[in-house]
Amino acid sequence: MAEKRTTAMLGYWHDFFPSRFSIADLFHFILDKGQVTLAGVFIQEAGVGQQFIALLVLCGMGVLLLKKQTRMFGCIAWSVFLGCIVLSLLHIYPLGGGRTDLFLFPIIILSLGALLHAGVIACKKTWCHVLLTGLLGVALFAASGNIYASYPDVDDAQLVRELVRVAEPDDGVLVYPHANWAVGYYAPWNAVIQRTEYYAHGFAMLPQRNDTMVFPGGAAEIPYTAIPDTLLPSLGYYLSHPHKRIFLIVLYGRQDIIDLLTKILQTSGYRLSRQKLGKNGSLHLFERAEKAK
C-alpha cells in the first residue's frame, strides 16, 4: 500500500489521516474515526447509536481475549485494529473512510457475535436467551434504518448510454475527468487503461473513439482542478479541428470547471443548445454557431 501512494491519494483521503504533530488531535482522531470504523458496518451516521455499537464491538473484542479457545483470534482482531491506526498515522491507510473500513468488517461482526455468545452462555434461563435475541434483533432493525448505499441511485450508466445513442460518428466528445471510468465501462467503445498520479486510485480509462478527449490533457496528465491557463492549451489542439457538434459528459463535476469549459467552447464559436441533467452529472450538447452572412 505504501508503494501505491500518490499525491492525489493523500489529498483525497486527507481527513482520514491523523495529525503527526499533536497528541490531542491524534486522541480525538482515534475516538472519532475509530468509532466510525467499528460501527460503520451497522450505522454510518454519527450519534449515540454509533457510539453504542462501537462500545459493544470493543467489548466483544475484549471477550475474545478471555477464553483460551478464542484468545488467538482476539489477539489477531486487536492487532489488525491497532495496526490500522498505526498505518493511518503513517498516512498509508485511511481510517474511517467507509470503503476502506471494509477490511475490518469481518472482525467487527465476529466480535459482536462473540459478545452475544458470551451473554447467552452467562444466562442459564431460556427467557434470558429469548430476551437477548429479541434485543439484538430490535437493535439491528433500528440500525438498518441508517444503512444507505448510494451507488444504486446513481444514473451514470443512463447518461453514458444517452451519449452513445445521440452522438454521431463525426461528433466531438469531451469527457470530464470523473466521467472517464463510466464512459470506459458503459460505452461500447474500446478503452485503454492508463496509469496516472492525478487520481487517488492511480489510473484513468481513455476511450478509443475518434474525436474524443478525456478532459483535460487527453490523458489526465494535469489535475482536473487546473487553472484556466492550463485548460486553454489542453483544449487548443482539439478545438482547432472544428466539429459541427460537441458533447460534454460530466459526472461528479465541479460547477466552476463546468462553467469555465462552457465559456471556452462558447468563445470558440459553439453555443449550448441543450443539456440533460442527472443525479450526479449532466450531458451537454454544443453546436457550432452559424456565422452571419
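One finds no salt bridge joining Glu287 and Lys244 here, because no Lys/Arg side-chain nitrogen approaches an Asp/Glu carboxylate oxygen to under 4.0 Å.
Leu116 is not listed as a side-chain neighbour of Leu112, based on a closest heavy-atom distance of 4.5 Å or more. Taking the side chain as every heavy atom from C-beta outward, Val173 and Val175 approach each other to under 4.5 Å. Inter-residue side-chain proximity for Pro18 and Ser88 is flagged as met; some heavy-atom pair is nearer than 4.5 Å. A 4.5 Å side-chain heavy-atom check between His284 and Thr262 finds every atom pair outside the cut-off.
A side chain to side chain contact (heavy atoms under 4.5 Å, CB included) with Leu95 is found for one member of Ile85, Val36, Asp32 and no other, namely Ile85. None of Asn180, Leu163, Leu174 except one satisfies the side chain to side chain contact (heavy atoms under 4.5 Å, CB included) rule with Ile249; the exception is Leu163.
Under the 3.5 Å distance criterion, the side-chain polar atoms of Arg71 are matched with a main-chain donor or acceptor of Leu66.
Atom OG1 of residue Thr37 and atom CD1 of residue Ile30 lie 11.0 Å apart, to the nearest 0.5 angstrom.
Every residue two or more places apart in sequence or in another chain that forms a ring-ring contact (aromatic ring centres under 6.0 Å, His included) with His91 is listed here: Phe17. Considering only residues two or more places apart in sequence or on other chains, Phe16 meets the ring-ring contact (aromatic ring centres under 6.0 Å, His included) condition with Trp13. The ring-ring contact (aromatic ring centres under 6.0 Å, His included) check on Phe81 picks up nothing, with sequence neighbours excluded.
Hydrophobic clustering places Phe247 together with Trp189 (ILVMFWY residues linked when any side-chain heavy atoms are closer than 4.5 Å, directly or through intermediates).
Remark: the Tyr185 side chain and the Asp156 side chain contain no N/O donor-acceptor pair separated by less than 3.5 Å. If you check the side chains of Asp211 and His243, you find a donor sitting under 3.5 Å from an acceptor.
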